[in-house]
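Report on the structure given below.
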Amino acid sequence: MLYTAPPLVASAAGDHPGFLSPSGVEIAFLLVGLVTLGAAVITVTTRQLVHAALWLVVALGGLAVEYLLLTAEFIAWVQVLIYVGSIVVLLLFGLMLTRAPIGRSPDADSDNRWVALGVALASAAALVWVVVDAFRTTWIDLDGPAQGSTRVTGAFLFRNWVLPFEALSVLLLAALVGAIVLSRKRDTDTDTGTATDAGTDTPPRPAPTGTPGTTDRPGKGEKR
Amino acid sequence: MPPIPGSGLAKGLAVTLRTMTKKTVTAQYPDTQPELPPRSRGVIGLFEENCTVCMLCARECPDWCIYIDSHKETSPPAAPGGRERSRNVLDRFAIDFSLCMYCGICIEVCPFDALFWSPEFEYAETDIHELTHERDKLREWMWTVPEPPALDPAAEEPKEIAAARKAADKLAAQRAKEQQEQQRQQPEEQPEEQGEKGEKGGNP
Amino acid sequence: MNDVFDVALRLAIVFAVFLVAPLLVGQTEHKVMAHMQGRLGPMYAGGFHGWAQLVADGVKFAQKEDVVPAAADRRVFQLAPAVALLPYLLVLAVIPVGPGDGAVGQVVDAGIFFVLAVMGIGVLGSLMAGWASANKFSLLGGLRTAAQLLSYELPMLLAAASVAMAAGTVSLTGILDAFAWWWLPWQIVGALVFFVAGLAELQRPPFDMPVADSEIIFGAYTEYTGLRFALFLLAEYAGIVILCALTTVLFLGGWHGPFGADGLGWLWTLLKTALLAFVVIWLRVSYPRLREDQLQKLAWTTLVPLALAQIALTGIVKVAIN
């Protein structure tokens with residue numbers, strides 16, 4: 001969803017009188033956008049699970065470059081730090097922990113692909129419409145003071161958008177607490193389950209009861 | 001007293017730092033030769049003169065790496081009409097060091113002290129056949145055998161010296177008792193023992 | 001034209017440092033480690049105390065055959081060393097060694113974020129290597145790398161955030177400009193957390209569980225040979241240089257020093273970096289490897305709370321000053 005936006009922003013920017021004589025930055029922006037889009041398409045179409053994750057790195061990195069070209073340096077690095085550095089690593093960790101064969105995964109395809117395509121197109125259209133409608137012919141002055149520097153971004157975020165920002169952080173906190181509660185609950189479940197099943201007095205250990213896929217992480221947690 | 005948390009970690013760091021300031025123990029071998037103690041199991045030297053070709057070493061060797069050839073020589077009888085005397089003469093004495101496992105049994109069993117440990121160890125060859133060393137080479141190694149270490153203080157006397165002393169004491173007692181009458185009987189024994197003693201310690 | 005020359009010169013210097021500094025650290029490690037263990041270390045290569053040992057190693061690596069296992073994912077396997085190494089080159093370009101804009105490869109506004117973000121990418125190289133090798137040991141190594149990165153990224157970020165709060169900027173040069181000597185005791189906890197977490201992120205002993213040779217051979221790098229293996233090694237030592245330089249810049253005041261004569265600031269930076277690199281080696285010699293559960297426990301129950309406490313302290317002092 002996110003990665004379809006930049007090229008279209010570029011075309012929105014192309015409405016500017018400078019459209020016929022694009023500057024180097026604009027050309028770079030467009031090219032990186034194409035690369036990003038291509039990487040994103042491969043991400044969702046490739047049959048190799050880990051390749052999908054690695055192409056996602058390319059897509060997210062391309063997005064960071066787009067932010068850079070729009071002088072939003074801070075956002076760009078945060079993008080790399082959070083998405084490439086953490087989310088993708090978590091993703092790869094999960095893939096490796098479960099099943100990531102080299103070569104094609106037979107079950108990497110879904111029957112829902114047309115529905116997914118429809119949803120993707122719809123959300124992309126909505127986003128594009130919102131972005132185009134919001135900015136129209138707004139023009140970023142690349143030569144002037146950076147409009148996406150850390151100071152500007154911070155001031156903007158904590159003066160104009162404090163409420164949504166805080167609401168988001170509360171949401172994330174709730175998700176965090178929820179995750180902890182869920183994992184704790186499953187721990188006690190498996191404990192009592194094994195204790196009654198085995199009928200022994202030995203301290204309960206995470207036994208391979210329950211669903212194998214989901215007990216991975218709590219089991220690991222208890223061993224620690 | 002409970003240890004301060006982290007004191008173990010600090011101790012570990014201190015140990016390594018202290019070691020760093022100390023002299024290293026690395027032996028820089030090709031540049032400086034190691035000082036090996038006597039009886040180091042480097043190579044086996046042969047003191048030919050002591051060998052009687054009794055073949056004990058060759059037979060005791062667990063991996064059969066000692067080759068001995070000899071022939072018998074007869075010498076005319078000492079007295080006319082007596083029996084001819086025969087003795088074994090060593091033709092070949094070779095040790096295959098590609099088979100030798102340096103157990104030292106041959107040296108232990110040699111009744112006449114003809115085999116010795118030498119600390120010499122640099123005799124690598126590029127061909128395994130060349131590791132079979134003949135008597136001349138083994139004899140050369142004989143000269144690298146160091147003096148045996150001194151006995152521990154208050155240690156028991158070496159067996160041969162004890163035997164010699166016992167014999168000498170006996171001799172002295174007999175002498176004192178029988179005066180000079182039986183002088184001819186004993187001297188034969190005495191030189192023999194002295195000779196044995198000389199062989200043991202006589203490694204230049 | 002002058003600008004082009006200036007940029008080219010800076011890049012050349014950064015590249016040269018990138019190639020030489022890890023070798024220096026590696027050679028120091030050889031010698032320091034040896035002497036800490038009562039040994040001499042390399043003595044022959046180059047003639048004088050084996051100074052050219054790593055050059056010889058490099059020549060040896062270059063001569064070796066580049067083997068890619070038959071079952072491996074070729075492209076990912078071959079790309080992994082570059083992914084592991086290049087981020088450190090990028091990071092090195094933004095680390096200021098002296099006062100002013102002249103002593104830094106490239107001034108970046110959000111320096112801390114840039115550095116931490118790009119260093120995080122380097123670990124992707126290990127993950128790619130671990131997965132693409134088609135080797136169970138490699139996969140285990142990759143998994144451990146990922147687990148370690150996930151748990152130590154957080155305290156590292158929090159510790160860096162504390163300094164950013166203290167300085168009121170996320171620019172590396174800005175932090176150095178704002179530095180005063182009393183930051184040292186003020187941020188000491190953050191410094192320790194940052195350094196330890198950085199060590200863990202580099203998979204240096206005692207946090208080298210992902211490459212634990214006695215149980216999983218060499219983790220993600222098991223299948224690598226020749227030049228690609230050398231690149232991974234170079235990445236590790238470049239990582240040490242980066243971590244030490246970064247700790248110096250963020251917590252130890254970089255070019256500030258008691259005898260900060262004009263134009264000699266860069267010496268202070270180099271000195272502090274070298275000292276920290278020595279500590280890295282020292283820790284490697286002194287401590288045994290942490291077990292996986294101890295590793296996670298240290299991150300979540302010690303480093304994260306310490307980093308949060310440091311942030312709280314920073315905030316309190318900052319408000320008190322204002």
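Between V50(A) and V76(C), every side-chain heavy-atom pair lies at or beyond the 4.5 Å cut-off. Taking the side chain as every heavy atom from C-beta outward, L124(C) and L92(A) approach each other to under 4.5 Å.
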Under the side-chain contact (heavy atoms from CB on, under 4.5 Å) rule, what do F113(C) and V78(A) come out as? Steps first, then yes or no, please.
CA-CA 7 Å; F113(C) 279 94; V78(A) 170; 3.8 Å; yes
Step-by-step side-chain contact (heavy atoms from CB on, under 4.5 Å) determination, D73(C) to H51(A):
CA-CA 10 Å; D73(C) 190 307; H51(A) 280 200; 2.7 Å; yes
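Among V123(C), L157(C), L154(C), T169(C), the residue making the largest number of heavy-atom pairs under 4.5 Å with chain A is L157(C). In terms of non-hydrogen atom pairs under 4.5 Å with chain A, the most contact-rich of G142(C), G120(C), G122(C), A117(C) is A117(C).
Across all their heavy atoms, M96(A) and L127(C) have their closest contact at CE-O, 3.2 Å. Counting all heavy atoms, side chain and backbone alike, L143(C) lies closest to F93(A) at O-CE1, 3.3 Å. Closest approach of L150(C) and S86(A) over heavy atoms only: CD2-O, 3.9 Å.
At most 12 heavy atoms of other shown residues, nucleotides or ligands fall within 6.0 angstrom of atom CG in L163(A).
Put simply, CD on E153(C) and CG on L90(A) are 12.0 Å apart, with the number rounded to the nearest 0.5 Å.
Residue contact with chain A, scored on non-hydrogen atoms closer than 4.5 Å, is absent for L140(C).
The side-chain contact (heavy atoms from CB on, under 4.5 Å) with L81(A) is formed by just one residue from the set I112(C), L116(C), V115(C); it is L116(C).
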